[in-house]
Amino acid sequence: VQLQASGGGLVQAGGSLRLSCVASGITLNNYVVAWFRQAPGKEREFVARVNRGGSYTYYSDSVKGRFTISRDNAKNTVYLQMNSVKAEDTAIYYCAAVRLVVTVQDEYDYWGQGTQVTVSS
């Protein structure tokens, strides 16, 4: 099983990026998928989550209104559209999958390797 996160890079403040999380070895529509991020010197934090059907999403207050999580189950992929990015969005972004919604990060079943997002001000 592998979750492959991609799409990170260097972007100017106010710009946009779209991250992708492609799954192999599992059928992603059987899983709740979330994005997390970890900035240098900080703990990993929750960013956004989408339910299995894609109809329900949940965001951290810090990204609400700027980021959008979505999924294309036919492509076994979950996306994170990042708009109006800020310097404080700079972090390594990870996707993770779990069968049922959990509140503890350690309970996620699978994790991607992370993709670096750097926002220049």
Side-chain angles (χ1 to χ4, degrees):
V1 175
Q2 186 177 22
L3 298 181
Q4 182 72 39
S6 64
L10 177 64
V11 60
Q12 287 190 330
S16 297
L17 274 179
R18 188 177 80 158
L19 307 184
S20 299
C21 175
V22 181
S24 58
I26 58 172
T27 302
L28 205 55
N29 63 9
N30 291 327
Y31 292 82
V32 173
V33 180
W35 287 94
F36 295 84
R37 67 186 181 185
Q38 187 167 21
K42 295 187 177 181
E43 293 187 352
R44 188 170 59 194
E45 64 175 2
F46 169 81
V47 175
R49 185 178 69 228
V50 61
N51 71 339
R52 286 177 284 184
S55 60
Y56 181 79
T57 56
Y58 182 75
Y59 300 91
S60 68
D61 288 342
S62 60
V63 306
K64 195 176 300 181
R66 300 187 298 120
F67 291 9
T68 301
I69 188 170
S70 62
R71 64 193 303 159
D72 185 340
N73 287 332
K75 295 182 178 179
N76 230 25
T77 301
V78 172
Y79 304 98
L80 185 69
Q81 178 67 44
M82 306 168 60
N83 296 331
S84 304
V85 296
K86 305 175 182 179
E88 51 263 43
D89 294 322
T90 295
I92 300 174
Y93 283 71
Y94 301 89
C95 57
V98 64
R99 286 234 181 226
L100 298 173
V101 173
V102 296
T103 57
V104 178
Q105 293 185 25
D106 290 347
E107 294 181 353
Y108 277 77
D109 297 317
Y110 305 109
W111 288 85
Q113 85 290 358
T115 185
Q116 175 71 49
V117 172
T118 303
V119 181
S120 63
S121 56

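In this structure, C95 SG and Q113 CD are separated by 7.5 Å, a value rounded to the nearest 0.5 Å. Remark: R37 CZ to E88 CD distance equals 8.0 Å, nearest 0.5 Å. We find the OG-NZ distance between S121 and K86 to be 13.5 Å, quoted to the nearest 0.5 Å. Taking CG of N51 as the reference point, atom CG of L100 lies at 12.0 Å (rounded to 0.5 Å). To the nearest 0.5 Å, the span separating CD on E45 from OH on Y94 amounts to 12.5 Å. A distance of 9.5 Å separates CG of L17 from CG of N83, quoted to the nearest 0.5 Å.
When all heavy atoms of S120 and L10 are compared, the pair lying nearest together is CB-CD1, 4.3 Å. Here the shortest heavy-atom pairing between R66 and D89 reads NH1-OD2, 2.8 Å. Heavy atoms only, all atoms of each residue included: Q105 and R44 are closest at OE1-NE, 2.7 Å. In this structure, Q116 and I92 approach most closely via the heavy-atom pair OE1-CG1, 3.2 Å.
Between Y93 and F67, the two ring planes are tilted [angle within 30° to 60°]. Between W111 and F36, the ring planes lie tilted relative to each other; the angle falls in the 30° to 60° range. Classification of the F46-Y58 ring pair by plane angle, with boundaries at 30° and 60°, yields tilted.
A salt bridge links K64 with D61: the distance from a Lys NZ or Arg NE/NH1/NH2 to an Asp or Glu carboxylate oxygen falls below 4.0 Å.
Under a hydrophobic-cluster definition in which Ile, Leu, Val, Met, Phe, Trp and Tyr are linked whenever side-chain heavy atoms come within less than 4.5 Å, directly or via other members, Y110 and Y79 are assigned to different clusters. No path of Ile, Leu, Val, Met, Phe, Trp and Tyr side chains, each step under 4.5 Å between heavy atoms, connects I26 with Y108, placing them in separate hydrophobic clusters. The hydrophobic clustering, which links ILVMFWY residues whose side-chain heavy atoms are closer than 4.5 Å, places Y56 and V98 together. In this structure, V78 is a member of the same hydrophobic cluster as M82, with clusters built from ILVMFWY side-chain heavy atoms closer than 4.5 Å.
The side chain to side chain contact (heavy atoms under 4.5 Å, CB included) with L28 is formed by just one residue from the set T77, V22, L3; it is L3. Of the candidates I69, V50, V63, W35 forms a side chain to side chain contact (heavy atoms under 4.5 Å, CB included) with just one, namely I69.
When the shell of 6.0 Å around CD of Q38 is examined, it contains more than 12 heavy atoms from other residues, nucleotides or ligands.
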With side chain to side chain contact (heavy atoms under 4.5 Å, CB included) as the test, would you mind laying out the steps for Q12 and V85 before giving the verdict?
-> CA-CA 8 Å; Q12 287 190 330; V85 296; over 6 Å; no
